[in-house]
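Below: one structure, written as structure tokens.
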Amino acid sequence: MAAKRKLAEEVAVEGGELDTSNHAHVIPLGAGSEVGRSCIILKYQDKTVMFDCGIHPAYKGMDSLPLLDDIDIATVDVALITHFHLDHCAAVPYLLRKTRFKGRIFMTHPTKAIYYSLLRNLAKGAKHSSEEALFNEEDLDASMEQIEVVDFYQTIEVAGMQITPYRAGHVIGAAMFLVEVAGLRCLYTGDYSRLPDRHLPGADTPPVTPHIVIVESTYGTSRHLPRQQREQLLLDTIRTTLNRGGRVLMPIVALGRAQELLLLLDEYWEAHKSELSGIPIYQASSMMSKALGVYQTYVESLNEDIKKVFHERNPFKFRHVQTLKNPAHFIADYSGPCVIMATPSGLQSGASRDFFEAWCEDARNTCIICDFAVQGTLAKEILGGPSSITTREGRRVPLRIAVHNISFSAHADFDQTSGFLDTVKPPHVVLVHGEYGEMRKLAKALKDGAKAAGLAREVYTPVLQQTVAIEHQPDRSVRLQGRLGEKPLRSSDVVRGVLVRQAGGFGQQLLHPDDLPRYTKLLKGRITQRQAISVDVPFSVIRLALEVMFEGVEGAGTLPVTSVQGAGGKGGEVLAVTVGETVEVRYVAADDTSGTVAHVVLEWEGGRHGDMVADAVIAVVLQAVGEPVEATNAESAMIRARAAGDEAAEAAAELQLIAALLRSQYGTAVVDESGGSISLTVDGVSALVDYRAGKVVCEDVGLQARIAKSLERLAVAIRPVGVDRLQE
């Protein structure tokens, strides 16, 4: 088992594409043993899904992107974006506008609304930056046209795959995506939290068992403090700092945890107005203010507690929180105690970095890291307890500010992840969105827990670009629908019907032909086929030959000429018989006034049975008629002229032979020897065969092509075969 697991974790591809016919492949183009630029690829049965497409907060420009060049982007059928945080969505405009991506892309309604606001700020900021811009506002606007929205629990079908989003907790609109491909179920959690908080419900537990769960491992084996304990620790830390005249900086993501913490502080300030009324709370991000409109619009995405508050007042119209519009002026002018929330959470740039550098040398102040600190950011660095830091200008300054790590991050901890996996019981778990060491500690703990519980579970910890190959046999089942599914079947029963599979899909249905319009967009069609054959024998000879060969030859009597199609124009008396209730044989007598030669027209409904009977009838008619006399005479004349070396006579005889053979197929054929042409009339449509030039002139393009193909074959058939060809 260990060898098999190692093989699955270390599949490498050299000189070709992965075979996904019986193996699902999971490839992290981002978030593989790292936190940032989430972008996970799932390949199975020639279908490709991209989960998330974000940037890395610790890198700049092109370096922050997922490794999109590692796959053929044009093969991605669908991209599924779990939520609006930049490390999960900020590379979407680049993906849609600057790569060969041709698939569809989905996110929930709240995610799309906030995605636009967040990335618009990012694009505007890039105009005034020396860094390489990944996209501009035009790219963002174009991406909005392409992004489709999906509701929680709404199952959509894309390229034959079934996709269903479930609530992920974490932030408003965040989704886990369950994808089913040819019977394989894969659940991608994105960032998720099973614990409800002040404004969001916890993550859903899907009602089915996935074969594969791709799950975040952000906190590894760590356990969060209980919510009440974390809240009290935060409030105590803030009160202590304010009491000593200090200022509190809370670097935070603009959307998600910011709203949770603002609700907490606003409620606390309201309960302690007499003590705290003179101490301001500021949010130093315009995005925090803009996002409140989204929270008010999508109230149904919030939990029941906050919905009840909305009946009395809007809880996001904070009573004690102000928006700080000019952080630079505030830093220069204000020196009293306060609480400030500023972005970004990693302190790598922006207002949070400005406040931190201004306040970090004052021991009265406090910086509280409330979110996950990504490797490579200043937030991660100061949690290590350095004595100094380097400013953006390159100066080394002492670090005297108190630094606390009180996590309000809405990421699942060990208890949530292990409990979730024990509930859904997937046989395969792929860990992503976690640092190398934490991910491997979590993998070991999950394996040990599954072994103790008697659960079958393989756990994989891929690094960037490493493929996890998981064997899975595709679903080969066929569903009987309509009248075919009305009776229970036994193992020995034979069922016949039309096998239907949607283009690019996997589900198959077996239907009675009459049920096609009910269960599909297909309609049952009928093809009527006709074949005309020139004859030089009376109808009685043909009827006798048919009656000798077939039972059930019934006469249809004499038909009016106008009712006959395919007769080659107006003719004489029309007689008809029906063979086996399948093929109608019409005899059209010769008519000297119109030039119509005697011929029969066979008409039947195309299909296996009809075609078989028609072939037999044609064979009987041809045997009764024999080779047309005119064709025999023309062929003899051509052979004699060829032997005598008379090229003019040979050409004239060849033209007559071709005319006789065309007449046997199409009816009336008039020869113009001087012009080297043959005039045909088929169902009232005229055609001119210029035999010398090898051309066919006809207004009916389809008929023209048929005659041209016949002419090509006849010309080859009547040419003598060279000796060299006989020797081959």
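These numbers were taken from a predicted model, which means no experiment stands behind them.
Between H472 and H428, the ring centre distance reaches or exceeds 6.0 Å.
At a threshold of 4.0 Å, the pair D52-R37 does not count as salt-bridged, since none of the basic side-chain nitrogens sits closer than that to a carboxylate oxygen.
Between the T111 side chain and the G173 main chain, a donor and an acceptor come within less than 3.5 Å of each other. Using modelled atom types, no side-chain atom of H170 and backbone atom of S193 make a donor-acceptor pair closer than 3.5 Å. Distance alone, capped at 3.5 Å, places no donor-acceptor pair between the E180 side chain and the Q162 backbone. Formation of a donor-acceptor pair under 3.5 Å by the K112 side chain with backbone atoms of I147 is found in this model.
The aromatic rings of H85 and H83 stand perpendicular to each other, their planes meeting at an angle above 60°, with 30° marking the opposite boundary. The aromatic rings of F372 and Y219 stand perpendicular to each other, their planes meeting at an angle above 60°, with 30° marking the opposite boundary.
Between the side chains of T417 and Y192, a donor-acceptor pair is found at a separation under 3.5 Å. In summary, the side chains of D87 and S38 do not present any donor paired with an acceptor at a separation below 3.5 Å, with no hydrogens or angles considered. Side-chain polar atoms of H199 and Q259 form no donor-acceptor pair below 3.5 angstrom. Judged by distance alone, the side chains of Y115 and S143 do bring a donor and an acceptor atom under 3.5 Å apart.
Applying the side-chain contact (heavy atoms from CB on, under 4.5 Å) test between T48 and each of I73, D77, V181 identifies D77 as the sole match. Among L516, V498, L480, T520, the single residue meeting the side-chain contact (heavy atoms from CB on, under 4.5 Å) criterion with Q509 is T520.
Between P93 and L134 there is no side-chain heavy-atom pair separated by less than 4.5 Å.
Listed by first then second residue, pairs satisfying salt bridge (charged side-chain N to carboxylate O under 4.0 Å, His left out) with a partner in residues 59-71 read K60-E131, not counting sequence neighbours.
Partners of F106 by ring-ring contact (aromatic ring centres under 6.0 Å, His included), not counting sequence neighbours: none found. Scored by the ring-ring contact (aromatic ring centres under 6.0 Å, His included) test, Y59 finds H56 as partners (sequence neighbours excluded).
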